[in-house]
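Report on the structure given below.
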Amino acid sequence: MMTPSHHIPEPMMAAYVSGNLPYPYAMVLATHVSMCDECRARYEAHMTLGGAVLETIEAQPVSAGLKSSILAMLDDPTPPEPPAPTQQGIYPAPLSQLLGPEGPRWRKVGMGNRQSILSNDEEGSLRLLYIPAGQAVPEHSHNGIELTLVLQGSFSDEGGTFGVGDLEVADESDLHIPTAGPEAPCICLAATDAPLKFSSMIPRLMQPILKI
């Protein structure tokens, strides 16, 4: 386990545990929880509390047909469980399961930076970002919330320095220039629910093509 210094905010953790986060955000948080002892303990505490609440809810009657259907499913042979996902290199288990054995498919986005889009739909965007050591991402703010989880290396911006396992939560009030640390290329898992707001013209022109 890592010892990150930037963690999941409490309201976001509660939403994650209750299943009320869009898939891109939930994937980032699942990956962070797998890397962070502190947030894993908080996650398990939330789950325990949720189980206790369920035990206080009165049982509800069900129809005879529904009961029969459930009992029939219980009589069916149980299929073998697939093997639990494991970490592959820098990619923790939740992410390695999504990537599969082939790993990320990197695409150039300019200035040495690369990305691998993992999902992009009405719920938002989930992608891996590769930033060469010492290289910066163009200055931008946000139309919504951006979650960025460091998997390798580090980056710094107006919010501080973020190393492996650290989670940055940025919103409409943040204007920043994330810059990779000098020690290694920075690889991050990032989720957004709306396009970024770039300060300069060229990145704005490239947005429809790069789906950023």
Side-chain angles (χ1 to χ4, degrees), residues 1-9 12-13 16 21 23-43 84-120 124-140 142 145-170 174 176-192 196 198 203 206 210-212:
M1 290 288 183
M2 308 294 164
T3 54
S5 57
H6 299 272
H7 304 282
I8 302 170
M12 190 170 285
M13 176 67 83
Y16 169 57
L21 283 183
Y23 169 76
Y25 292 157
M27 190 66 199
V28 174
L29 297 197
T31 305
H32 175 79
V33 165
S34 76
M35 302 172 73
C36 177
D37 287 333
E38 178 178 324
C39 287
R40 183 171 183 82
R42 290 170 53 213
Y43 169 80
T86 58
Q87 178 161 335
Q88 296 182 21
I90 66 169
Y91 304 111
L95 187 54
S96 69
Q97 185 179 34
L98 175 62
L99 292 173
E102 67 276 4
R105 298 181 179 181
W106 295 110
R107 297 290 184 269
K108 296 179 180 179
V109 295
M111 301 174 64
N113 300 321
R114 290 181 273 171
Q115 70 172 359
S116 177
I117 298 176
L118 306 180
S119 69
N120 187 45
S125 173
L126 178 70
R127 67 192 67 221
L128 286 166
L129 301 174
Y130 175 101
I131 310 169
Q135 179 63 53
V137 173
E139 182 180 65
H140 64 274
H142 310 86
I145 294 176
E146 179 183 44
L147 301 184
T148 306
L149 173 65
V150 180
L151 304 175
Q152 174 185 287
S154 66
F155 75 86
S156 299
D157 63 10
E158 290 71 7
T161 297
F162 299 82
V164 173
D166 282 339
L167 177 70
E168 181 181 49
V169 182
D174 294 296
H176 58 168
I177 308 175
T179 303
E183 71 279 4
C186 181
I187 297 179
C188 300
L189 179 65
T192 55
L196 302 181
F198 287 102
M206 295 296 291
L210 301 177
K211 300 178 181 179
I212 299 175

How long is the span from the SG atom in Cys188 to the CG atom in Leu128, to the nearest 0.5 Å?
9.0 Å
Evaluate the criterion side chain to side chain contact (heavy atoms under 4.5 Å, CB included) for residue pair Glu168 and Asp157; output intermediate values, then yes/no.
CA-CA 10 Å; Glu168 181 181 49; Asp157 63 10; 2.6 Å; yes
Say you draw a straight line from CG of Leu167 to OG1 of Thr31; how long is it, rounded to the nearest 0.5 Å?
10.5 Å
Can the ring centres of Tyr43 and Tyr16 be said to be less than 6.0 Å apart?
yes
Under 3.5 Å, is there a donor-acceptor pair between the Glu183 and Ser154 side chains?
yes
Mind checking whether Leu149 and Asp166 have side chains closer than 4.5 Å, heavy atoms only?
no
Under the ring pair (Phe, Tyr, Trp, His ring centres under 6.0 Å) test, residues paired with Tyr91 that sit two or more places apart:
none
May I ask you to check whether His176 and His142 place their ring centers less than 6.0 Å from one another?
yes
Establish, from distance only, whether the side-chain atoms of Arg107 and Gln115 form a donor-acceptor pair under 3.5 Å.
no
Between Glu146 and His140, is any pair of side-chain heavy atoms under 4.5 Å apart?
yes
For Pro24 and Ser119 the tightest heavy-atom approach is CG-OG, 4.3 Å
Let me confirm one number: the CZ-CG distance from Arg42 to Asp37, rounded to the nearest 0.5 Å.
13.0 Å
Looking at every heavy atom in both Ala136 and Ile177, which two are closest together, and how far apart are they?
CB-CG2, 3.9 Å
Side-chain touch Leu151/Leu95, heavy atoms, less than 4.5 angstrom
yes
Taking all atoms of both residues into account, what is the closest heavy-atom pair of Cys36 and His7, and its distance?
SG-ND1, 3.3 Å
Using a 4.5 Å cut-off on heavy atoms from C-beta on, say whether the side chain of Pro132 contacts that of Pro185.
no
Taking all atoms of both residues into account, what is the closest heavy-atom pair of Met13 and Val33, and its distance?
CE-CG2, 4.5 Å
Whether over 12 other heavy atoms sit under 6.0 Å from Tyr130 OH
yes
Sub-4.5 Å side-chain heavy-atom contact between Leu118 and Leu99:
yes
Just do the side chain to side chain contact (heavy atoms under 4.5 Å, CB included) check on Ile145 and Thr192 with the steps written out, would you?
CA-CA 6 Å; Ile145 294 176; Thr192 55; over 6 Å; no
Full working for side chain to side chain contact (heavy atoms under 4.5 Å, CB included) between Leu147 and Leu29:
CA-CA 9 Å; Leu147 301 184; Leu29 297 197; 4.0 Å; yes
Keeping Ser116 on the side-chain end and Pro104 on the backbone end, is there a donor-acceptor pair under 3.5 Å?
no
Taking all heavy atoms of Gln88 and all of Ser96, pick out the closest pair and write down the distance.
CG-CB, 3.7 Å
Decide yes or no for Phe155 and Thr179: does some side-chain heavy atom of the first lie under 4.5 Å from some side-chain heavy atom of the second?
no
Verify side chain to side chain contact (heavy atoms under 4.5 Å, CB included) between Asn113 and Leu129, making sure each step is shown before the conclusion.
CA-CA 7 Å; Asn113 300 321; Leu129 301 174; over 6 Å; no
Pairwise distance CD1(Ile90) to CD(Gln152) - rounded to 0.5 angstrom
4.5 Å
Once rounded to the nearest 0.5 Å, what's the spacing between atom CD of Gln135 and atom SG of Cys186?
12.0 Å
Are side-chain heavy atoms of Cys39 and His32 found at a separation under 4.5 Å?
yes
For residues His6 and Val150, determine if any side-chain heavy atom of one lies less than 4.5 Å from a side-chain heavy atom of the other.
no
